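Remember, it's 1-based here, ligands and their atoms both numbered in the order they're listed. In this chain, numbering begins with 1 at the start of the sequence shown. This is a predicted model, so every value here is computed, not measured.
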Amino acid sequence: MATIKEIAKMAGVSTATVSKILNGKDQYISEATRQKVLEIVEREGYIPNGIAKSLKMRRTKTIGIIVPDVMNLFFSELARGVEDAAEKKGYSVILCNSDNKEVKEEKYLNVLQEKMVDGIIMTAAEDSMNKAIKRCKTPMVLVDRDIELDMSVGRITVNNEEGAYKATKFLIERGCKDIGFISSEKKNKPSAERLSGYIKALKDHGLNVDDRKIFLQNFTIDSGYNGVMALLEKTNIDGIFCGNDLIAIGAIQALKEKKIKVPEKVKVIGFDDISIAQFIDPPLTTIRQPIYKLGEEAVNMLVAIIEKRDINRNIVLETELVERRSC
Ligand code: RIB
């Protein structure tokens with residue numbers, strides 16, 4: 001195994017030059033010198049061949065994905081779509097969970113850049129001010145939660161407002177007149193767009209928008225449970241549009257505790273169509289997001305950006321209403 005000094009001697013450069021190249025801090029070193037040193041490094045087996053190859057190719061064939069909550073099946077199904085598509089393209093995946101917190105999101109953005117991933121796919125944390133994202137120089141695709149950025153990134157989302165409109169309209173067509181909305185209070189686009197779709201559908205059908213029927217907290221089961229308890233304190237409801245399926249699960253749990261029959265007394269519709277939605281009691285009527293496809297398309301877009309191919313960097317996928325037995 002050659003030493004750094006012997007590598008430097010063989011290449012006719014200083015040891016400082018060799019270490020700059022091995023640490024990726026070689027922006028002021030000629031490409032010819034880089035390649036010469038890395039050839040010797042690989043031949044002499046100074047560092048594991050995989051790392052030598054990555055440095056030479058300036059590619060690690062690895063992508064990172066950062067999601068807010070791996071326990072929410074929406075994100076684990078999204079990660080599954082990413083991993084399958086990445087594997088087909090010869091990429092490995094590093095999965096990071098930000099706990100929906102900007103501090104962890106920033107940590108993982110740094111870790112992934114230190115590991116020299118070729119690209120990053122990310123659903124931003126809801127409290128993120130996006131400072132670390134704006135500093136990131138690695139190719140990036142934002143999935144699901146689009147955020148205002150003045151840098152060129154890929155974006156793959158769904159038409160949240162149209163999906164929410166469909167959900168609320170469906171409740172109205174099922175005879176609901178006192179429709180509640182429970183979702184995330186955070187400033188993320190999906191929740192804001194779902195609220196606007198709910199409001200637009202009420203107005204288009206001559207129903208009042210009543211703040212007492214709106215409960216905004218988190219995209220969690222607890223929020224669905226708390227939301228029903230809070231709404232029932234203030235007002236009467238005969239239908240609830242839930243900002244995601246976890247909220248719908250919590251809402252149904254609370255209604256059952258209150259001995260309120262679903263859908264006979266209160267109809268419930270969710271958003272996402274995570275894999276367990278069909279197995280809860282009653283099976284959940286919901287707005288299906290093409291979750292797996294969101295992951296696949298994110299990889300296709302990211303690899304095109306890595307390979308500097310000119311592609312459409314803003315894709316909006318459609319949702320569909322899946323009718324089951326909760327309304
Ligand atoms: O369930 C998690 C929610 O957060 C999903 O609806 C998804 O759109 C994400 O924004």
Under 4.0 Å from a heavy atom of [X]: give me the atoms of ligand 1 that qualify, with their elements.
X: Asn244; result: 1 (O), 2 (C), 6 (O)
X: Asp144; result: 7 (C), 8 (O), 9 (C), 10 (O)
X: Asp272; result: 1 (O), 2 (C), 5 (C), 6 (O)
X: Pro190; result: 10 (O)

Run the salt-bridge test on [X] and [Y] with the 4.0 Å N-O cut-off and return the result as yes or no.
X: Lys101; Y: Glu126; answer: no
X: Arg80; Y: Asp84; answer: yes
X: Glu323; Y: Arg174; answer: yes
X: Lys166; Y: Glu162; answer: yes
X: Asp26; Y: Arg34; answer: yes

Protein heavy atom at shortest distance from atom 4 (O) of ligand 1
Arg145 NH2, 3.0 Å
Would Asn160 count as a polar contact of ligand 1, with the cut-off being nitrogen or oxygen pairs under 3.5 Å?
no
Regarding ligand 1, does Gln289 bring an N or O atom to under 3.5 Å of one of the ligand's N or O atoms?
yes
Where does Arg194 meet ligand 1, judged by heavy-atom distances below 4.0 Å: at the side chain, the backbone, both, or neither?
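Arg194 to ligand 1: side-chain contact only, backbone stays beyond 4.0 Å.
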Where on Asn72 is there a heavy atom closer than 4.0 Å to ligand 1, on the side chain, on the backbone, on both, or on neither?
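Only the side chain of Asn72 comes within reach of ligand 1.
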Under 3.5 Å side-chain donor-acceptor pair for Ser275 and Glu77
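Yes, because at least one side-chain N or O of Ser275 sits under 3.5 Å from a partner of the opposite role on Glu77.
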Residues pairing under salt bridge (Lys or Arg N to Asp or Glu O under 4.0 Å) where one sits in residues 278-296, two or more places apart or in two chains, turn out to be Lys256-Asp281, Asp273-Arg288, Arg288-Glu320, Lys293-Glu297
